[in-house]
Number of protein chains: 2
Amino acid sequence: MKKGKKYSYLYERPALAADTVIFGFDGETLKVVLTQRKKDPFKSRWALPGGFVFMDETTEQAAKRLLLEKAGLKNVFIEQLYTFSDMDRDPRERIVSVAYYALVNARQYEISAGRDTLKTEWFSLQDMPKLAFDHSKIIKLAAERLKGKVSYQPVGFELLNEKFTLPQLQALYEAILETPIDKRNFRKKILSTGLLLALDEKEKNVAHKAAQYYSFDKKMYKELGKKGFHFEL
Amino acid sequence: MKKGKKYSYLYERPALAADTVIFGFDGETLKVVLTQRKKDPFKSRWALPGGFVFMDETTEQAAKRLLLEKAGLKNVFIEQLYTFSDMDRDPRERIVSVAYYALVNARQYEISAGRDTLKTEWFSLQDMPKLAFDHSKIIKLAAERLKGKVSYQPVGFELLNEKFTLPQLQALYEAILETPIDKRNFRKKILSTGLLLALDEKEKNVAHKAAQYYSFDKKMYKELGKKGFHFEL
DNA sequence: CCAAAAGTGTTAAGGGTACACCCATGC
DNA sequence: GCATGGGTGTACCCTTAACACTTTTGG
């Protein structure tokens with residue numbers, strides 16, 4: 001190993017960014033937040049909310065900060081997805097991006113446009129515009145990850161209101177897994193986890209039998225020690 | 001958002017490194033490759049093989065290059081694990097590390113000490129020395145990831161010879177999952193995947209009934225389209 | 001012939017899947 | 001009273017889990 005080009009890392013380093021796929025659920029389809037770019041490159045194209053990582057923050061802190069700056073979101077579930085480092089990700093220069101995904105309640109939060117963005121909006125996963133950079137690739141990977149995650153951890157609750165009905169929860173699972181689920185089997189299975197708490201409250205003003213509200217029993221989840229959850233199909 | 005400190009990323013960037021957890025199996029326990037550091041910080045401490053990412057390579061390419069340089073390994077299964085970015089990971093300066101894990105056949109490859117290392121050796125996961133940086137944390141995460149992975153993808157074969165016996169394969173699963181497995185149930189399940197090809201060759205020179213050799217049917221695996229594998233307990 | 005590990009089948013229990021009708025509510 | 005979606009139970013099948021003896025080989 002010689003000195004010279006190979007040691008250029010001492011002087012030259014890739015820039016480090018964080019981008020986040022924010023998932024939300026509107027009752028029908030899975031959505032993600034996109035921001036429209038105000039500047040080149042890819043001026044006016046839609047992109048994931050993201051930006052550079054500062055020297056005094058971890059990549060996760062950066063992702064959270066950018067969530068707030070670019071979409072007005074705070075205190076959300078967030079988890080690291082993957083690090084993208086292809087040489088030509090960004091036309092300007094080399095940028096390595098640590099991608100995260102976040103789960104938020106799309107109805108509870110107002111999404112607000114932030115710095116460097118023209119607009120910030122929810123887009124259905126089924127119906128996405130052409131994206132900047134390699135962001136479609138990132139979203140695709142995030143959707144797959146979520147599919148896997150939902151089948152062994154009760155993350156779905158992050159996407160719903162604190163109280164929700166079983167039909168709502170089922171619709172969410174169907175949207176994430178992209179497959180229809182049998183109503184009775186779904187109820188049996190999800191209730192058998194013991195993680196749902198039936199509230200004594202029902203839907204109102206619906207032109208059919210009112211659905212029971214439930215909430216997620218976080219205490220029980222901690223007691224179960226995150227074991228013994230398995231949700232196939 | 002003001003200019004100033006917050007924009008320091010334009011001038012100052014974290015260094016970017018890649019570290020790899022190399023798993024091997026000696027027939028009894030899971031092992032990982034560690035290298036003893038020749039320089040400060042943590043001079044003479046054991047650490048994961050790793051190093052800086054150059055400007056003309058992806059993090060995965062860097063991990064592969066470092067595998068070759070530091071441990072003499074080539075053409076191995078490698079997959080991204082997680083990106084570590086805590087501020088105080090490295091006492092010198094801020095270094096963000098993209099961690100990978102690799103699966104190699106510990107018997108087939110000779111491990112050789114590389115540049116900047118005193119020695120390079122296999123260590124049993126059960127019996128690890130005190131490590132430099134946050135490398136124990138990385139190894140712990142890698143072991144968990146491998147546990148999960150092995151139950152839905154047939155990765156175990158990367159750790160064995162091309163031909164192997166079912167008792168060998170079972171011992172590997174037991175080592176990874178850290179739990180004993182029933183012999184008959186294991187055979188039934190693993191054979192029912194249709195991914196094993198019985199060779200017409202048996203063990204030799206063993207003081208007991210000779211075990212049948214099998215190989216992994218890669219063609220069949222591709223045909224099955226990576227679906228329908230599920231290995232619980 | 002002895003030691004040591006490979007190989008083999010059955011049963012019982014639990015979980016998954018498929019499936020159709022009645023109920024509550026608003027209009 | 002009608003349309004709409006919520007809520008409920010059962011039967012079959014397949015998978016899992018538990019479990020003990022015979023076979024082959026080298027020494």
Side-chain angles (χ1 to χ4, degrees), chain A residues 25-29 150-152 154 160-161 163-175 177 179-215 224 227-233, chain B residues 25-28 150-152 154 160-161 163-175 177-215 224 227-233:
Chain A
F25 181 62
D26 66 358
E28 295 202 354
T29 64
V150 92
S151 65
Y152 64 94
L160 297 172
N161 290 326
K163 51 185 187 185
F164 51 86
T165 67
L166 292 190
Q168 281 167 8
L169 186 60
Q170 179 175 344
L172 172 60
Y173 271 77
E174 290 178 330
L177 297 173
T179 179
I181 303 175
D182 179 86
K183 206 198 322 185
R184 282 174 284 195
N185 294 339
F186 177 80
R187 292 172 159 262
K188 222 182 304 169
K189 189 149 193 179
I190 205 82
L191 288 173
S192 75
T193 63
L195 295 173
L196 293 194
L197 222 56
L199 308 177
D200 48 0
E201 192 183 347
K202 296 192 175 185
E203 265 185 327
K204 281 166 194 155
N205 303 319
V206 286
H208 54 78
K209 184 169 175 181
Q212 173 74 239
Y213 276 119
Y214 290 84
S215 72
L224 292 180
K227 62 183 138 190
F229 190 88
H230 191 64
F231 202 90
E232 204 69 31
L233 246 193
Chain B
F25 181 62
D26 66 358
E28 296 202 353
V150 92
S151 65
Y152 66 92
L160 296 172
N161 290 327
K163 52 185 187 186
F164 52 85
T165 67
L166 291 190
Q168 281 167 7
L169 186 61
Q170 180 175 345
L172 172 61
Y173 271 77
E174 290 177 330
L177 298 173
E178 296 180 288
T179 179
I181 304 175
D182 180 86
K183 206 198 321 185
R184 281 173 286 195
N185 294 339
F186 177 80
R187 292 173 157 260
K188 223 181 303 169
K189 189 149 192 179
I190 205 81
L191 288 173
S192 77
T193 62
L195 295 174
L196 293 194
L197 220 56
L199 309 177
D200 47 1
E201 190 183 349
K202 296 191 175 187
E203 264 185 328
K204 281 166 195 155
N205 302 319
V206 286
H208 54 78
K209 184 168 175 180
Q212 173 73 241
Y213 275 120
Y214 290 82
S215 71
L224 292 180
K227 61 184 139 189
F229 192 91
H230 191 61
F231 203 90
E232 204 71 28
L233 246 192

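Below, chains carry the letters A, B, ... as their sequence lines are ordered, and counting in each starts from 1.
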Checking contacts here: which listed nucleotide (D:dT25, D:dG7, C:dT25) is nearest the side-chain heavy atoms of A:Ala211?
D:dG7
To the nearest Å, give me how far apart NE2 (A:His208) and P (D:dG5) are.
6 Å
Measure from the side-chain heavy atoms of B:Lys183 and tell me the nearest of C:dT25, C:dC19, C:dA6.
C:dA6
Return the 5'-most residue of the pair A:Ala207, A:Leu166 with respect to DNA chain D, ranking by each residue's nearest nucleotide.
A:Ala207
d(NZ, B:Lys209; P, D:dG27) in whole Å
19 Å
Taking atom P of C:dG7 as reference, at what distance in whole Å does atom CG of B:Asp182 sit?
15 Å
Looking only at D:dG6, C:dA6, D:dC19, the nucleotide nearest the B:Arg187 side chain is C:dA6
One should read off an interatomic distance between B:Leu191 CG and B:Tyr214 OH, to the nearest 0.5 angstrom, of 5.0 Å
Please evaluate the base of C:dG16 for a donor-acceptor partner in the side chain of A:Lys189 within a cut-off of under 3.5 Å?
no
Tell me the interatomic distance from B:Gln212, atom CD, to D:dT23, atom P, rounded to whole angstroms.
18 Å
Starting from C1' on D:dT15, measure out to CD1 on B:Ile190 and report it in whole angstrom.
16 Å
Round to a whole Å and report the spacing from NZ of A:Lys202 to C1' of D:dG6.
9 Å
Tell me the interatomic distance from B:Glu203, atom CD, to D:dT25, atom P, rounded to whole angstroms.
11 Å
For the base of C:dT17, is there a side-chain donor-acceptor partner from A:Lys188 under 3.5 Å away?
yes
Among C:dG9, C:dG26, D:dG7, find the nucleotide with the atom closest to the side chain of B:Asn185.
C:dG9
Please round to the nearest 0.5 Å and tell me the distance separating atom CD of B:Gln168 and atom NZ of B:Lys163.
11.0 Å
What is the distance, to the nearest angstrom, from the NZ atom on A:Lys204 to the C1' atom on D:dG5?
19 Å
The side chain of A:Asn205 is closest to which nucleotide in this list: C:dC23, C:dG26, C:dG7?
C:dG26
Closest nucleotide of DNA chain D for A:Tyr214 versus for B:Ala210: which of these residues is on the 5' side?
A:Tyr214
A:Pro167 versus A:Gln212: any side-chain heavy-atom pair under 4.5 Å?
no
Can you tell me if B:Arg184 touches the phosphate of D:dA18, counting only side-chain N or O atoms and a distance under 4.0 Å to OP1 or OP2?
no
Among B:Leu197, B:Leu199, B:Asn161, whose side-chain contact (heavy atoms from CB on, under 4.5 Å) with B:Tyr213 holds?
B:Leu199
Just wondering, do A:Val150 and A:Leu172 contact through their side chains at under 4.5 Å, heavy atoms?
no
